[in-house]
Amino acid sequence: MHKIQVNVGASVTEANKRQAEENREHLNDHGIKAIDILGAVGSGKTMLVEKLTPVLKARGFRVGAIVGDCYGDDDYQRIHSLNIPVENLNTGTECHLDAHMVHHALHHLPLDDLDILLVENVGNMVCPTDFPVGSHKRVVIVSVTEGDDVVNKHPAMFRECEIGIINKVDLAEAVGASVERMEKDMKRHNSNIRILKTNLKKGAGVDELADLIVK
């Protein structure tokens, strides 16, 4: 009797990586820059899209979005109200978007009418790390209300991202969080990460993020 060992996890991630590369090529063919937005539930991912979209549009960019959630269309409805092309992706029991899902969403978007595509991933600080979707940049957003140890608890997420956002900085003192520690942890895990501090409710830091995205 022969035993055959198959590394299913490696096969899945490799297949996803290939599809992600195809997605990026597809986006390049249409002249689109895609941004994958990662973060936990409640960190501010949807509000980031809401605040960033009008800033980018005011600079002359045509913006579209893909919204990922386990269930429902709450976030989708918020982005849809911005009057931009948007696709909703429900993952069911899966805790992340994958490249195959995004591949299908791309075929339902008017790619020839877009310059920037914002992809709001499912709220999770672990699973999306291993599943790139074909974006050109990955942005991770955390809020001080998650605790100032949130960065140190999820190092892989920050190693994979070019931009790190610390949101709700106006609440740091109230919740006893050290923004300085969060910054130091980000740099310790990724010395090249660009860090922004935001108060998205008031729009603070959004212009700086737009600068980094379109640079």
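Counting begins at 1 with the first residue of the sequence. These figures come from a predicted structure and were not determined experimentally.
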Using atom types as modelled, flag every donor-acceptor pair under 3.5 Å from a side chain in residues 206-215 to any protein atom, sequence neighbours excluded.
unit_1: Asp211; atom_1: OD1; unit_2: Arg59; atom_2: NH1; d: 2.8
unit_1: Asp211; atom_1: OD1; unit_2: Arg59; atom_2: NH2; d: 3.0

#### Entry: Residues that, via side-chain heavy atoms closer than 4.5 angstrom, fall in one hydrophobic cluster with Ile193
Leu38, Met125, Val140, Val142, Val144, Val150, Val151, Met157, Phe158, Ile166, Val169, Leu171, Val175, Val179, Met182, Met186, Ile195

### Message
Heavy-atom count check: over 12 atoms from other residues, nucleotides or ligands less than 6.0 Å from Gln77 CD?
### Response
yes

### Task
Would you mind listing every disulfide bond (SG atoms under 2.5 Å apart) that reaches into residues 21-57, with sequence neighbours excluded?
none

### Query
How would you list, by chain and number, every residue that makes a side chain to side chain contact (heavy atoms under 4.5 Å, CB included) with Val67, sequence neighbours excluded?
Asp75, Ile79, Val86, Asn88, Glu120

### Task
Assess whether salt bridge (charged side-chain N to carboxylate O under 4.0 Å, His left out) is satisfied between Glu183 and Lys187, documenting all intermediate values.
CA-CA 6 Å; Glu183 288 184 277; Lys187 281 294 185 181; over 6 Å; no

### Message
By the disulfide bond (SG atoms under 2.5 Å apart) test, which pairs, at least two apart or in different chains, include something from residues 167-215?
### Response
none

### Message
Which residues pass the side chain to side chain donor-acceptor pair (under 3.5 Å) test with Glu87, not counting sequence neighbours?
### Response
none

### Query
Would you say the side-chain atoms of Glu14 pair up with the backbone N or O of Ser11, donor to acceptor, closer than 3.5 Å?
no

### Task
Can you tell me which residue pairs pass the disulfide bond (SG atoms under 2.5 Å apart) test with a partner in residues 144-215, sequence neighbours excluded?
none

#### Entry: Side-chain H-bond candidate by donor/acceptor type, Asn121 with His96, under 3.5 Å
no

### Task
Could you tell me whether the side chain of Asn90 and the main chain of Asp69 form a donor-acceptor pair under 3.5 Å?
yes

### Message
For Lys153, give me all partners under side chain to side chain donor-acceptor pair (under 3.5 Å), at least two apart in sequence or on another chain.
### Response
Asp149

### Query
Does Pro155 offer a backbone N or O that forms a donor-acceptor pair with the side chain of His189 under 3.5 Å?
no

### Query
Quick one: CZ on Arg78 to CD on Glu50, what's the gap to the nearest 0.5 Å?
4.0 Å

### Message
Once side chain to side chain donor-acceptor pair (under 3.5 Å) is applied, do any residues pair with His108, and if so which ones, sequence neighbours excluded?
### Response
none

### disulfide bond (SG atoms under 2.5 Å apart) against Cys95, all qualifying residues, sequence neighbours excluded
Cys127

### ring-ring contact (aromatic ring centres under 6.0 Å, His included) involving His104 - partner list, sequence neighbours excluded
His100

### Query
Does any N or O in the side chain of Asp130 come within less than 3.5 Å of the main-chain N or O of Thr13, such that one atom is a donor and the other an acceptor?
no

### Summary
By side chain to side chain donor-acceptor pair (under 3.5 Å), Arg138 pairs with (sequence neighbours left out) Asp36

### Query
Are Leu82 and Leu114 connected in a single hydrophobic cluster, I mean Ile/Leu/Val/Met/Phe/Trp/Tyr linked by side-chain heavy atoms less than 4.5 Å apart?
no

